[in-house]
Amino acid sequence: MFDYETLRVIWWALIGVLLIGFAIMDGFDFGVAALLRVLGKDDHERLVLLETIEPTWEGNQVWFILGGGAVFAAWPLLYAASFSGLYVAMFVLLVAFIIRPVGFNFREKVQDPRWKTVWDYCLIASGTIVMLVCGVAFGNLFLGLPFRYDGDLRMTWDGSFFQLFRPFALLSGLVSLSMLLAHGASWAAMKADVLIANRAAKVARIASLVYIVLFVAAGIWLAYGIPGFAISGPATTDAISNPLGKQVAIGASWFASYMKHPWFWAAPVLAFAGALGLQLFVGRRGFAGFFCSSLAVAGTILSAGFALFPFLLPSALDPTSSLTVWDASSSRGTLLLMLAVTIVFIPLILLYTSWVYRVMRGRVTLEHVRKSHGTY
Amino acid sequence: MIVDPDVVGLSRLQFALTALYHFLFVPLTLGLAFMLAIMESVYVMTRREVWKRMTQFWGVLFGINFAMGVATGVTMEFQFGTNWAYYSHYVGDIFGAPLAIEGMMAFFLESTLVGIFFFGWDRITPLKHMLATWFMALATSLSALWILIANAWMQNPVGAAFNAQTMRMEVTSFKEVFFNPVAQSKFVHTVSAGYTMGAMFVLSISAWYLLRGRNVDFAKRSMTVAASFGLAASLSVVVLGDESGYTVSENQKMKMAAIEAMWETEPAPASFTLVGLPDVKERTTHGAIRVPWIMGLIGTRSVDEPISGIAQLVDDAKGRIADGIKAYDAMLVLRENRNDAQAAAILAAHDKDMGYALLLKRFMDDPRKATPEDIQKAADSTIPNVPVLFWSFRVMVACGLYFIGLFAYAFWLASKRRLQGRRFLKVALWSLPLPWVAAELGWIVAEYGRQPWAIEGVLPTALGASSLTPGQVWISLGGFVLFYTALAVIDGYLMVKFARKGPDGLGLWPKRPDAIPAHAQTA
């Protein structure tokens, strides 16, 4: 039933699910954190904003951890090549992730404005860095990265941290930043005290407009300015996982797969629909605004993933070394076992996560945080 | 190609520092989570306010520690990719699975419920809240189980075989990987160590309150929980640590011999060296005090099986390197022509030894060109750092035995309701750092003792590193050291601050005993 080819496509999709899960669930935490001092004018208002995310951010961050683990298990070549190649960028990202748990927990532990200010800026910086770096990394995939494999499948990388900041990559960093700022703001508009929520709704609309403009610009740039990668040699979809067995040509369009599978256009349509829905619904009662924002996030990631398919990590230095869905996976046995585990546990995760959100439902009011902040 | 030895050395240093640092917080989380669940259960059963307040107060300290554990754990999940890329490629097919399962099965549950623990007190019924705490505690230990399954595979790589076409190890049986005997003994040993640490933490801080005459009823109850939980945990950590020793002796003979500084094979049953001064140069142990028979009994569970000494194991390694070179040669042939039946047969016969040929890669590009001197050098490199292992192990065991004594005495005092003796309280207070000493040394014995292997007998550590420049690793290493030091200072400051504040200072418990509200009065 599950041949090697099917399993690889399933695992490509599952990594997409984890990435979207991470962007939607952890994305609003980053957005709220980055907007902490824009939306929150005084300490109580900031406390309200923090308390909208504090009970759940820890679980949300596991989407990131699990993403790392799942890529390791299902796409070990991708895990090894991307994280070691993007060494300094990964270090910056890790530092941003390390600051968050302590930032959330330690901020309220000392009642001194200077102490709180320091942690505020730590949280703002960490949220901003993660949103930017993830976007920049995605943009670099389309440009290709400087690595090659030798016969032992040892990878060498011939580029530096600063070479990652190419114009298209920066643009895609800004797409990610504006998208998740809008996402975070629409969360605050739904969960925070009405006073702050109104402010947040405005920010969400502006950020979302910026996002639409940048996303369109990135699409046009990708279509007309950036050569795509295509497998030109033997691409056996169920062959062994060794990237050196194929040939790759540069020069095709990154939109080639959209021409081949017209239903892929649903992804960018979803992104636009989400962003427009956000304009309409944010700041109103209910969760429609936040839901639309989540659709925009999912649509954006799907758009990028569909364009790249079947590439996972294109190499500009030695196109043959590029990692694709067909030659970078684990063995069939590992993919199968991990699929079984995923089928059992992802629904359970969604179940208890939604229970926790239900327990924590309702707006966090200024009156509430003036009374107490619990023992967190 | 040969990886820059500086990159290997710096990456090892970074891994050791970040892992040892992470391991300062994780065992405490393991132990405190269970103690919180126990305290909260007493609250739900008796509905006495004091037990709820105890759960909340120790929960504050748990929260500070948990944040540090999560912060430092992120590094670990990604460091295999950043610094050990060839390792990740070479064994990711097997090693990645338990890490991913840990995330899905355990860490997700634990992290999601931690929010309920802190913010759910007034939103759900006490019974539901208690269940959430229990699930959080169980998930914490389940997390440890999967991490240790991954780690155990590094010590005892079962259920996998080398594939010449993909140039990596691939899984042959997940059942063997998941039910690795090393994983089982390691799991119980490690979580028991965590429970012991949690118990000592509560015991010591409570002792401090009693010495100051603060929060007396609160502290005595906490101590009673700590004493009973700690006694069970410390007994388990030592007894199952011994089980762990037995499994080590079966598949990591060199580690066992190094721990014992056993340079030559002794006639069975071997004696146990209590103390002595291992001399690496002369390959002998000066001034050794030996206890006859004990080592043979621990290591082999018999009186007639010998335990191999270091000299003999080096000789064995030389043979395995020679066989490994044959496998390596066959692997190269197979890579060019996957249908070469003769090469396939040679590889199948010797693939268990191919890792030994890879030991030569530290010194040369092509192991097939090794001279007898090179082989001798590679075989000698299989000896880990004997004095460090010898002493780390002894101090760890001494700590373990001391914990049993201390908790047994505390348990006896608690059952006699005589916990107020000042000398005992002072000893309990000053014993606070010891579980950390024991846990860190335990990590050193297990992981430093695994060297020169990343995966025992399969992949040498030096080969597993990423192709980075020393400059890059200096940046991250320097960054982590600076950053982690700053966090350690802040963490220490907050822990001391909140322990000093105590339940009375936090408004969880009245400052004067006569102000205890009626519903919280103790029997």
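Numbered from 1 within each chain, the chains take letters A, B, ... in sequence-line order.
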**Q** In terms of heavy-atom proximity below 4.5 Å to chain B, should S331(A) be classed as side chain, backbone, both, or neither?
**A** both
**Q** Below 4.5 Å, heavy-atom pairs only: which of I94(B), I475(B), V473(B) has the largest tally toward chain A?
**A** V473(B)
**Q** Once you round to the nearest 0.5 Å, how far does OG1 of T112(B) lie from OH of Y357(A)?
**A** 8.5 Å
**Q** On a heavy-atom basis, which atom in I490(B) and which in W119(A) lie closest, and how many Å separate them?
**A** CD1-CZ2, 4.0 Å
**Q** Considering non-hydrogen atoms only, spot the tightest contact between S88(B) and P76(A) and give its length.
**A** O-CB, 3.7 Å
**Q** Could you tell me which portion of W355(A) (side chain, backbone, both or neither) has an atom closer than 4.5 angstrom to a non-hydrogen atom of chain B?
**A** side chain
**Q** For chain A, which of L109(B), L113(B), L332(B), T172(B) has the most heavy-atom pairs under 4.5 Å?
**A**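 Between L109(B), L113(B), L332(B), T172(B), the count favours L109(B).
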**Q** Find out whether I116(B) and M360(A) are in side-chain contact, i.e. whether some heavy atom of one side chain is under 4.5 Å from a heavy atom of the other.
**A**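 In contact.
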**Q** Can you confirm whether F97(A) sits close enough to T75(B) that some side-chain heavy atom of one is under 4.5 Å from a side-chain heavy atom of the other?
**A**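 Result no, sub-4.5 Å side-chain heavy-atom pair not found.
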**Q** With the side chain counted from C-beta on, respond yes when N105(A) and F66(B) share a heavy-atom pair under 4.5 Å apart, and no when they do not.
**A**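 The answer is no; the side chains never approach within 4.5 Å.
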**Q** Between atom CE of M155(A) and atom NE2 of H89(B), what is the distance when rounded to the nearest 0.5 Å?
**A**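 With rounding to 0.5 Å, CE (M155(A)) is 11.5 Å from NE2 (H89(B)).
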**Q** Select, from G103(B), G63(B), A97(B), A100(B), the one with the greatest count of heavy-atom pairs under 4.5 Å involving chain A.
**A** A100(B)
**Q** Checking heavy atoms, do the side chain of V95(A), its backbone, both or neither come under 4.5 Å from chain B?
**A** both
**Q** Within the 4.5 Å heavy-atom criterion, are K128(B) and V359(A) side-chain neighbours or not?
**A** no
**Q** Enter the distance from W57(A):CH2 to S111(B):OG here, rounded to the nearest 0.5 Å.
**A** 8.0 Å
**Q** Please answer whether the main-chain N or O of T82(B) pairs with a side-chain N or O of Y87(A) as donor and acceptor at a distance below 3.5 Å.
**A** no
**Q** Decide yes or no for V60(B) and K109(A): does some side-chain heavy atom of the first lie under 4.5 Å from some side-chain heavy atom of the second?
**A** yes
**Q** Using the ring pair (Phe, Tyr, Trp, His ring centres under 6.0 Å) rule, take F480(B) and F91(A) through it: C-alpha gap first, then chi angles, then the decisive distance, then the call.
**A** CA-CA 9 Å; F480(B) 279 126; F91(A) 172 70; 5.1 Å; yes
**Q** Using modelled atom types only, decide if a donor and an acceptor are shared between the side chain of T334(A) and the backbone of D93(B) within a distance under 3.5 Å.
**A** yes
**Q** How close do Q472(B) and V88(A) get, heavy atom to heavy atom, and via which atoms?
**A**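 For Q472(B) versus V88(A), the nearest heavy atoms are CG-CG2, 4.5 Å.
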**Q** Does the side chain of R332(A) reach to within under 4.5 Å of the side chain of E170(B), using non-hydrogen atoms?
**A** no
**Q** Chain B heavy atoms under 4.5 Å from L153(A): which part of the residue, side chain, backbone, both or neither?
**A**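 Interface part for L153(A): both.
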**Q** If you take the centroid of each ring, where Trp contributes its six-membered ring, are F95(B) and Y79(A) closer together than 6.0 Å?
**A**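 They do not qualify: ring centres at least 6.0 Å apart.
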**Q** For the pair F78(B) and F64(A), name the ring-plane relationship: parallel under 30°, tilted 30 to 60°, perpendicular over 60°.
**A** parallel
**Q** A side-chain contact here means heavy atoms from C-beta on lying under 4.5 Å apart; do F345(A) and I101(B) qualify?
**A**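 No. Closest side-chain heavy atoms not under 4.5 Å.
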**Q** How many angstroms lie between CE in M167(B) and CD1 in I240(A), if you round to the nearest 0.5 Å?
**A** 11.5 Å
**Q** Strictly below 4.0 Å, N to O, side chains only: are K361(B) and D152(A) in salt-bridge contact?
**A** yes
**Q** Considering only heavy atoms, which portion of I65(A) lies under 4.5 Å from any heavy atom of chain B: side chain, backbone, both, or neither?
**A**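 Answer is both: backbone and side chain atoms of I65(A) are under 4.5 Å from chain B.
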**Q** For V71(A), which atoms come within 4.5 Å of any heavy atom of chain B: side chain, backbone, both, or neither?
**A**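 Neither; nothing under 4.5 Å.
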**Q** Go through the atoms of S82(A) and report whether side chain, backbone, both or neither lie under 4.5 Å from a heavy atom of chain B.
**A**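 Neither part; nothing is under 4.5 Å.
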**Q** Which bit of L66(A) is near chain B, if near means a heavy-atom gap under 4.5 Å: side chain, backbone, both or neither?
**A**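 Contact with chain B: side chain only.
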**Q** Testing the basics here: between F83(A) and G81(B), what is the closest heavy-atom pair and its distance to 0.1 Å?
**A** CB-C, 3.7 Å
**Q** Return yes when atom CZ of F135(B) has more than 12 non-hydrogen atoms of other residues, nucleotides or ligands closer than 6.0 Å, and no otherwise.
**A** no
**Q** Pick whichever of L348(A), T353(A), V110(A) has the most heavy-atom pairs under 4.5 Å with chain B.
**A**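 Winner by heavy-atom pair count: V110(A).
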**Q** Ignoring hydrogens and geometry beyond distance, is a side-chain donor-acceptor pair present between T166(B) and N242(A) at under 3.5 Å?
**A** no
**Q** What are the two closest non-hydrogen atoms of Y352(A) and M104(B), and how far apart are they?
**A**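 In this case the closest contact between Y352(A) and M104(B) is OH-O, 4.2 Å.
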**Q** Just so I know, are the side chains of L487(B) and I98(A) near enough to count as touching, which here means a heavy-atom distance under 4.5 Å?
**A**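 Of all side-chain heavy-atom pairs linking I98(A) with L487(B), at least one is under 4.5 Å.
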**Q** Hey, could you give me the CZ/CZ distance between R123(B) and R361(A), rounded to the nearest 0.5 Å?
**A**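 Interatomic distance, R123(B) CZ to R361(A) CZ, rounded to 0.5 Å: 8.0 Å.
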**Q** What part of M90(A) gets within 4.5 angstrom of chain B, counting heavy atoms only: side chain, backbone, both, or neither?
**A** side chain
**Q** Let me confirm one number: the CZ-CD distance from F108(B) to E58(A), rounded to the nearest 0.5 Å.
**A**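 It is 12.0 Å, given to the nearest 0.5 Å.
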**Q** Tell me whether R168(B) contacts the main-chain N or O of S241(A) through its side chain, where contact means a donor paired with an acceptor under 3.5 Å.
**A**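 Side chain of R168(B) to backbone of S241(A), a donor-acceptor pair under 3.5 Å: no, none is there.
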